[in-house]
Protein chains: 2
Amino acid sequence: MVEAKNPVQAVQRSLEIIDVLQNTGGARVTDIAEQVGMSKGTIHCHLATLEENGYVVHDGTKYKLGLRVIDLAHHAKSRIDIYDLVTKEVDTLAEESGELALFTVEEGGEGICLYKSAGDNAVKTEVYVGYRNELYHTAVGKGMLAFMPAEQRDRIIEETTFEAITPNTITDEAALREELEAIREEGIAYNHEESIHGLVGAGAPIRDQDGTIYGAISVIGPARRMGSDRLENEVPDMIHRAVNIVEINITSL
Amino acid sequence: MVEAKNPVQAVQRSLEIIDVLQNTGGARVTDIAEQVGMSKGTIHCHLATLEENGYVVHDGTKYKLGLRVIDLAHHAKSRIDIYDLVTKEVDTLAEESGELALFTVEEGGEGICLYKSAGDNAVKTEVYVGYRNELYHTAVGKGMLAFMPAEQRDRIIEETTFEAITPNTITDEAALREELEAIREEGIAYNHEESIHGLVGAGAPIRDQDGTIYGAISVIGPARRMGSDRLENEVPDMIHRAVNIVEINITSL
DNA sequence: ATAAATATTTGGTATTACAAAACATACCAT
DNA sequence: ATGGTATGTTTTGTAATACCAAATATTTAT
């Protein structure tokens, strides 16, 4: 994420306030003022401005995110032109596998989950549509990193701060680059409990002829149910089939 | 929508820019500057600030909405606590009827579609999740208006500017209030081609014991397929069943 | 009823958002 | 290649305003 040369401070403050509302699920003027270190008066003016535009609502003393943002989200999503195509395939993937199938895209060096479909036995996870995470510790993330243009990959890795989320998380650049090489050879990326203990997954990117990455598809499930045979043969086959169907249709867009 | 006493102008300008990006599906600095009447330099600073926070992305010369807003949308939606309950019922409603079934809530005097489920014969409409429209010309809108507290209803009607969207649209307050009275008696609201020519629908609000309105459910379809028998008997029955199931479960929240 | 806690408004000032212009960069056509 | 055009970006001075602190209004609790 590039830093703005001449940021508009007032706007940044409003966005900070929105962050607080998102993370708290609603807060009072005083609470927000305390959290972001601004005066109550300032917070009030910002909230009033945001409310006037539907980005915020308040009932009584509690301010929350307004539903205006749902409208925005729809329009943001609508620029992913393979969306309808992919959701169909992700649905069948979830049904076939019985697990949780996801569609994720990259933006600003992060992975953003755009669609999820739960099979009959799907794990309950915190991953929701809009969920954002670092690329280095997920199957889809590593899959996209592996196949994206080198400069882009370098730029993203450059800005990555490795963190040992679980004992299995990759925590240094060399190890990551080694794994990416393996992924390029195999054509599939795995998550061996690198994000959440007990959770494994496999994923592969969606590309066109030019190598442009449109996103990635993954299947995730509990380690106990996803033995090496299932995780490394059955599931990758299903994913590749789904990816191929989408890729074939990209040309016609 | 209340007007802010001391709006933060800079924030309003950013939101204006976001509006343009939404409506155009992406635009260049020069285009935005022209549309909103600010200098290119100013637009640039705002875009850079928004981009730094993931609300905007640019590729080449074109700026678009960033996927950050999808995350926001999820959190905004998550405060609708009957959401999961309702979507299930709306799905069965769509399946049973074969038409398009919707879940809409009111915020700031507007109706916001939060979920839609398409039956086998569902009409293709511009209504999307996040879609916002005035209450006075939709089934769900009138249904919610009819049953909400009088002061709130008065406030919303007060601020309504009636517009003849179709020949059937209600265009004055007296007629609207008369219809709302009928809706209160019947317990169901109709849309007789008042929003879109050829499109009819029926809807009813979801309430708890206190009379608090949680939203409304509707079924819409082409007039040719929805004769008076189907529209006024079959469909309302289905809607009422769905509404009742949700209402029963509200108490347990 | 009173007090306590909160939201909102006000007013003055230091900050900064803004427009205009200069600069840089990408894209054409010749 | 080369100049020209259209674009995005940065700079700069200044007029506008976002900000804080204090005052007021409002709600809630005792």
Side-chain angles (χ1 to χ4, degrees), chain A residues 1-21 24-66 108 149 151-152 155, chain B residues 1-21 24-66 108 149 151-152 155 210 212:
Chain A
M1 213 135 310
V2 208
E3 212 150 298
K5 290 276 154 57
N6 300 313
V8 183
Q9 197 189 71
V11 174
Q12 261 178 340
R13 295 201 162 160
S14 263
L15 298 182
E16 242 181 285
I17 292 171
I18 287 175
D19 269 6
V20 173
L21 293 182
T24 57
R28 303 172 313 150
V29 174
T30 312
D31 300 334
I32 301 171
E34 200 173 333
Q35 274 203 51
V36 302
M38 306 181 221
S39 78
K40 288 194 300 174
T42 303
I43 301 295
H44 179 77
C45 291
H46 279 267
L47 286 173
T49 307
L50 291 169
E51 181 161 30
E52 193 179 346
N53 291 277
Y55 287 79
V56 156
V57 289
H58 75 135
D59 102 290
T61 135
K62 196 172 187 181
Y63 283 81
K64 309 176 199 172
L65 285 177
E151 326 88 68
Q152 194 186 355
R155 212 173 333 119
Chain B
M1 211 135 311
V2 207
E3 211 150 299
K5 290 276 153 59
N6 300 313
V8 183
Q9 196 190 71
V11 174
Q12 262 179 339
R13 296 204 161 158
S14 263
L15 297 182
E16 240 181 287
I17 292 171
I18 287 175
D19 269 5
V20 173
L21 293 182
T24 57
R28 302 174 313 149
V29 173
T30 313
D31 299 334
I32 301 171
E34 199 174 334
Q35 274 203 51
V36 303
M38 306 181 223
S39 75
K40 288 193 300 173
T42 303
I43 301 295
H44 178 78
C45 292
H46 280 266
L47 286 173
T49 307
L50 293 169
E51 181 161 31
E52 194 179 345
N53 292 277
Y55 287 79
V56 156
V57 288
H58 76 133
D59 99 291
T61 134
K62 197 171 186 181
Y63 283 81
K64 310 176 199 172
L65 286 177
E151 328 88 68
Q152 193 186 356
R155 210 172 335 118
D210 309 333
T212 310

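Every chain is numbered from 1 and lettered A, B, ... according to where its sequence line falls, protein lines coming before strand lines.
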My understanding is that only residues two or more places apart in sequence, or in another chain, count here; which of them pass side chain to side chain donor-acceptor pair (under 3.5 Å) with B:Q152?
B:E106

Considering residues at least two apart in sequence or located in another chain, which fulfil the side-chain contact (heavy atoms from CB on, under 4.5 Å) criterion with B:S14?
A:V11, B:H46, B:L50

Any chance you could list the contact pattern along nucleotides 12-27 of chain C? Use B for base contacts, S for sugar-phosphate-only contacts and - for none, protein heavy atoms under 4.0 Å, 5' to 3'.
----SSSB--------

Could you work out, with side-chain contact (heavy atoms from CB on, under 4.5 Å) as the rule, every residue matching B:E34, not counting sequence neighbours?
none

By ring-ring contact (aromatic ring centres under 6.0 Å, His included), B:Y55 pairs with (sequence neighbours left out) none

For nucleotides 25-30 of chain D, read 5' to 3', which letter fits each nucleotide if B means a protein heavy atom sits under 4.0 Å from the base, S means only the sugar-phosphate is that close, and - means neither?
------

Please tell me if B:H44 has a side-chain N or O lying less than 4.0 Å from either OP1 or OP2 of D:dG8.
no

Hey, are the side chains of B:D31 and B:V20 touching, using non-hydrogen atoms and a 4.5 Å cut-off?
no

B:P7: side-chain contact (heavy atoms from CB on, under 4.5 Å) partners, not counting sequence neighbours
A:T49, A:E52, B:A4, B:Q12

Rounded off to whole Å, could you give me the CD-to-P distance for the B:E51 and D:dG8 pair?
13 Å

Please report the interatomic distance CD1(A:I32) to CD(A:E16), rounded to the nearest 0.5 Å.
11.5 Å

Partners meeting side-chain contact (heavy atoms from CB on, under 4.5 Å) with A:Q9 (sequence neighbours left out):
A:R13

With a cut-off of less than 4.0 Å, is there a side-chain N or O of A:Y63 near OP1 or OP2 of C:dT8?
yes

Can you give each donor-acceptor pair under 3.5 Å made by side-chain atoms of residues 37-45 of chain A, sequence neighbours left out, with the distance rounded to 0.1 Å?
from, atom 1, to, atom 2, distance (Å)
A:S39, OG, A:T42, N, 3.2
A:S39, OG, A:T42, OG1, 2.9

Taking only distance into account, with no hydrogens and no angle test, what donor-acceptor pairs under 3.5 Å do side-chain atoms of residues 57-66 of chain B form with protein atoms, sequence neighbours excluded?
from, atom 1, to, atom 2, distance (Å)
B:H58, ND1, B:G60, O, 3.4

Applying a 3.5 angstrom cut-off to the pairing atoms, does DNA chain D sit in any stems of at least three consecutive Watson-Crick or G-U pairs? List them by first number.
C:1-30 with D:1-30

Output the residues of residues 28-35 of chain B in contact with DNA chain D, where contact means a heavy atom of the residue under 4.0 Å from an atom of the strand; sort by number or write none.
B:R28, B:V29, B:T30

